[in-house]
Amino acid sequence: MTTQVQPKSRNVTANGINLHYLDWGTEGLPPLVMLHGLRGHANVWADVAESLCGDYHVYSVDQRGRGDTDHAPGGDYSTEAFVADLLGFADAMGLDKFILFGHSMGGRNSMAFAGANPERLERLCVVDIGPRVEATGGNRITEELRGLPPGFDNFEDALAHVQAANRFASEPVMRRRLAGQTHQSADGKISWKFDPEIREQRINGTAAPATDLWPALENITCPTLIVRGTETDLLTQETADRMVETLAQGSMVNIERAGHMVFEDNPSDFIAAVKSWLAD
């Protein structure tokens, strides 16, 4: 899928930091905010945002330490800090109530936000993550970060590296993801954009402890869709089913031919599923 609608690149001060976001859509349409995962950025949602921006005013945020948003003051990458950023963003945008999509880390931040601020959400879509991080997938991500080269001689070498770890996403999707993750350094090398502290905290075990979000789910009142890739190692079917049972208005869908990066691995089926849910 190729993006035809070009979003506006914007910045806003929220919770004391500069947040960069991409703005798809038209003023007056229902607002929909999207949060990416640990190594993501605002533009990973491009295909989904393009498909929804005719009916919704879509905002996709670079979360702290990623993309073109500020690095976290004091290296604070706790769930509480991300939730405060989102609350600040929503207030700055004048979003009294909105739809929220969150993938992986962004899904955890979304659940935490929804549990603490249930009155602010019309709907919630949590993509391929649960209230607790599955050890198998969590350990895989840590090892991938441990083995991450600090840079590459050129973009094609960087692309080959990231493609080796992804079975399903198309080359154009991977190129787009990588373009938002990297920049060209003064020496001409391709380097990662995200705050190096994120990697160091993860591999050294100094990251903020992962919050148990089961209590948060009990406070979420809005219709909530759990989306799971059938080939994922981050969300078991058992956990997804328990999430649906815990939520006041929960539902769940499995997306075939998709691992953890559901909406990049199989964008067509993901978009069809969320459009159907939004229309309910």
Side-chain angles (χ1 to χ4, degrees), residues 32-49 51-52 60-61 63 66 79 82 99-115 123-145 162 165-170 173-174 177 181 202 210-214 216-217 220 223-247 250-278:
L32 191 158
V33 177
M34 296 177 160
L35 301 179
H36 59 76
L38 179 72
R39 290 173 285 180
H41 51 83
N43 207 35
V44 297
W45 289 105
D47 290 329
V48 183
S51 74
L52 297 178
S60 184
V61 181
Q63 296 183 88
R66 284 82 173 174
T79 300
F82 286 113
I99 300 166
L100 180 60
F101 279 35
H103 169 248
S104 195
M105 179 195 75
R108 289 183 54 77
N109 297 339
S110 297
M111 286 185 277
F113 177 90
R123 287 177 178 258
L124 172 65
C125 178
V126 178
V127 184
D128 213 70
I129 199 69
R132 292 181 186 154
V133 177
E134 298 288 346
T136 303
N139 291 339
R140 171 185 57 79
I141 290 171
T142 299
E143 290 308 307
E144 287 178 358
L145 285 171
V162 296
N166 194 295
R167 292 184 288 159
F168 299 112
S170 68
V173 165
M174 293 304 297
R177 164 172 275 268
Q181 289 177 319
R202 185 68 179 249
T211 306
D212 180 357
L213 295 174
W214 283 112
L217 258 64
I220 298 173
T224 302
L225 178 66
I226 310 302
V227 183
R228 176 179 176 273
T230 56
E231 304 302 315
T232 186
D233 58 2
L234 262 295
L235 180 61
T236 66
Q237 186 66 59
E238 179 183 11
T239 297
D241 290 340
R242 182 183 165 191
M243 291 171 73
V244 172
E245 292 169 4
T246 303
L247 289 158
S251 56
M252 193 274 296
V253 62
N254 279 309
I255 303 297
E256 300 288 338
R257 205 190 64 77
H260 182 52
M261 304 304 305
V262 188
F263 54 92
E264 290 185 321
D265 289 347
N266 189 344
S268 297
D269 286 359
F270 179 88
I271 290 165
V274 296
K275 279 189 169 183
S276 175
W277 171 68
L278 287 166

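Quick note: residue numbers are just sequence positions, from 1.
Side-chain contact between Val44 and Ser60 is absent, with no heavy atoms from C-beta onward closer than 4.5 Å. Two residues are said to be in side-chain contact when any heavy atoms from C-beta on lie closer than 4.5 Å; Phe113 and Leu35 fail this criterion. Side-chain contact between Thr79 and Asn109 is present, with at least one heavy-atom pair separated by less than 4.5 Å. Side-chain contact between His103 and Met261 is present, with heavy atoms from C-beta onward closer than 4.5 Å. The shortest side-chain heavy-atom distance between Val162 and Arg177 does not fall under the 4.5 Å cut-off. Between Ile129 and Glu134, the closest side-chain pair of non-hydrogen atoms is not below 4.5 Å. Looking only at side-chain heavy atoms (C-beta outward), Phe168 and Asn266 stay at 4.5 Å or farther from each other.
Side chain of Ser51 to backbone of Val48: a donor-acceptor contact under 3.5 angstrom is found. Gln63 places a side-chain N or O within donor-acceptor distance of the main-chain N or O of His36, the cut-off being under 3.5 Å.
Salt bridge Glu144/Arg140: present, at least one basic N to carboxylate O contact under 4.0 Å.
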task: Starting from the C-alpha separation in whole Å, work towards a yes-or-no answer on side-chain contact (heavy atoms from CB on, under 4.5 Å) for Phe270 and Val127.
output: CA-CA 10 Å; Phe270 179 88; Val127 184; 3.9 Å; yes
task: Any chance you could lay out the side-chain contact (heavy atoms from CB on, under 4.5 Å) test for Phe263 and Asp47, step after step, and finish with the verdict?
output: CA-CA 8 Å; Phe263 54 92; Asp47 290 329; over 6 Å; no
message: Using side-chain contact (heavy atoms from CB on, under 4.5 Å), reason through Ile141 and Val133 one step at a time and then give a plain yes or no.
response: CA-CA 11 Å; Ile141 290 171; Val133 177; over 6 Å; no
field: Residue pair Thr211, Arg108: steps toward the side-chain contact (heavy atoms from CB on, under 4.5 Å) verdict
entry: CA-CA 9 Å; Thr211 306; Arg108 289 183 54 77; 4.1 Å; yes
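Distance check: Leu100 CG to Cys125 SG gives 9.0 Å after rounding to the nearest 0.5 Å. With rounding to the nearest 0.5 angstrom, the CD atom of Glu245 is 11.5 Å from the CG atom of Leu217. Here the CD1 atom belonging to Ile99 is positioned 9.5 Å from the CE atom belonging to Met34, to the nearest 0.5 angstrom. For the atom pair CD1 (Ile226) and CZ (Arg242), the distance works out to 12.5 Å, reported to the nearest 0.5 Å. Atom-to-atom distance recorded for Ile255:CD1 and Arg228:CZ is 11.0 Å, nearest 0.5 angstrom. Atom CZ in Arg39 sits 5.0 Å away from atom CG in Leu145 (nearest 0.5 Å).
What you find for Gly138 and Leu234 is that their closest heavy atoms are N-CD1, 4.3 Å. When every heavy atom of Gly259 is checked against every heavy atom of Asp265, the shortest pair comes out as N-OD2, 2.8 Å. Minimum interatomic distance between Met111 and Ile220 (heavy atoms only, all atoms of both residues): O-CD1, 3.9 Å. The heavy-atom pair separating Ser110 from Gly106 by the smallest distance is OG-O, 2.7 Å.
One side chain, Gln237 or Asp241, offers a donor N or O that lies under 3.5 Å from an acceptor on the other.
Just one residue in the list Thr230, Leu235, Thr232 forms a side chain to side chain contact (heavy atoms under 4.5 Å, CB included) with Asn254, and that residue is Thr230.
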